[in-house]
Amino acid sequence: MNLSKKVVRSFIWLAFIVYLATVAILCFAPTLPLVIPKSDPVPYIYLGKAPFVYLPFAELLHIDFYLNILMTFPFGVFIALLQKKTSGSARIIWSGVAVGLFIEITQLILDNLGMTDRWIDVNDVLANGIGLCLGYLLMFWILQKMVGR
């Protein structure tokens, strides 16, 4: 690998680290006290102190679902840019689910420790997985077309 490729790769890694720090702040920073709406728009149960929305695709009409897709879209782009060889579809899908599960399980732990007040939501896991996969697919396609990778 020549020097210019190393510089570009280092810059991509730096951008990825900044992105991950930003996502961590968005997902794990303390929030205002949780307010449960009077009219229950989606079914939920409590897991300890944390409300858990367990019904998949119950929030397709909520903006939060699409914001979660947008939040993890760059993660997929970075995976496509930083990997040395292409990954199979199943591996990318599982990576997306793993990222979503990591975020939600960490939020569950922080909620139960009294450090945050957040909803734990299966829809967020799905949206995070979709965002990562879409970001990866788009960047993979661009690299195939532009670079011939």
Less than 4.5 Å apart, any side-chain heavy atom of [X] and any of [Y]?
X      : Y      : result
Ile69  : Phe65  : yes
Cys133 : Ile93  : yes
Cys27  : Gln107 : yes
Leu82  : Ile12  : yes
Val77  : Phe140 : no
Tyr19  : Phe78  : yes
Val42  : Leu55  : no

To the closest 0.5 Å, what do you measure between [atom1] ([X]) and [atom2] ([Y])?
X      : Y     : atom1 : atom2 : result
Asn123 : Leu60 : CG    : CG    : 7.0 Å
Tyr66  : Met71 : OH    : CE    : 15.5 Å
Leu137 : Ile92 : CG    : CD1   : 8.0 Å

Closest contact, heavy atoms only, [X] versus [Y]:
X      : Y      : answer
Ser4   : Asn2   : OG-OD1, 3.0 Å
Gln83  : Ala80  : CG-O, 3.8 Å
Leu138 : Phe73  : CD2-CZ, 3.5 Å
Asn128 : Ile103 : OD1-CD1, 4.0 Å
Leu26  : Arg118 : O-NH2, 3.1 Å
Leu47  : Asn112 : O-ND2, 3.2 Å

- prompt: For the side chain of Glu104 and the backbone of Asp121, is there at least one donor-acceptor N/O pair under 3.5 Å apart?
  reply: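 It does hold such a pair.
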
N/O donor-acceptor pair under 3.5 Å between Asp64 side chain and Asp124 backbone
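Between the backbone of Asp124 and the side chain of Asp64 there is no qualifying donor-acceptor contact (under 3.5 Å).
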
Q) Between Thr31 and Asp117, do the side chains contain an N or O donor and an N or O acceptor separated by less than 3.5 Å? A)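 Their side chains do not contain a donor-acceptor pair, so the 3.5 Å distance test is not met.
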
Q. Mind checking whether Leu67 and Ile120 sit in one hydrophobic cluster, side chains of I, L, V, M, F, W, Y counted as touching below 4.5 Å?
A.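 They do not share one cluster, since no chain of ILVMFWY contacts under 4.5 Å joins Leu67 to Ile120.
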
Under a single-linkage definition using a 4.5 Å side-chain heavy-atom cutoff for Ile, Leu, Val, Met, Phe, Trp and Tyr, are Val8 and Leu14 assigned to the same hydrophobic cluster?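 Different clusters.
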
| said: Is the distance between the ring centroids of Tyr136 and Phe75 under 6.0 Å? | reply: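 Judged by ring-centre distance (under 6.0 Å), Phe75 and Tyr136 do not meet the cut-off.
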
Between Tyr54 and Tyr44, is the gap from one ring center to the other below 6.0 Å?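 No, they do not, as the ring centres are separated by 6.0 Å or more.
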
Quiz item: Any chance CG of Leu61 has more than 12 other-residue heavy atoms, nucleotides or ligands included, within less than 6.0 Å?
Solution: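 Counting other residues, nucleotides and ligands, CG of Leu61 stays at 12 neighbours or fewer.
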
* **With Thr116, the side chain to side chain contact (heavy atoms under 4.5 Å, CB included) member among Thr106, Ile109, Asp111, Leu108** =>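 Testing Thr116 for a side chain to side chain contact (heavy atoms under 4.5 Å, CB included) against Thr106, Ile109, Asp111, Leu108 leaves exactly one candidate, Asp111.
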
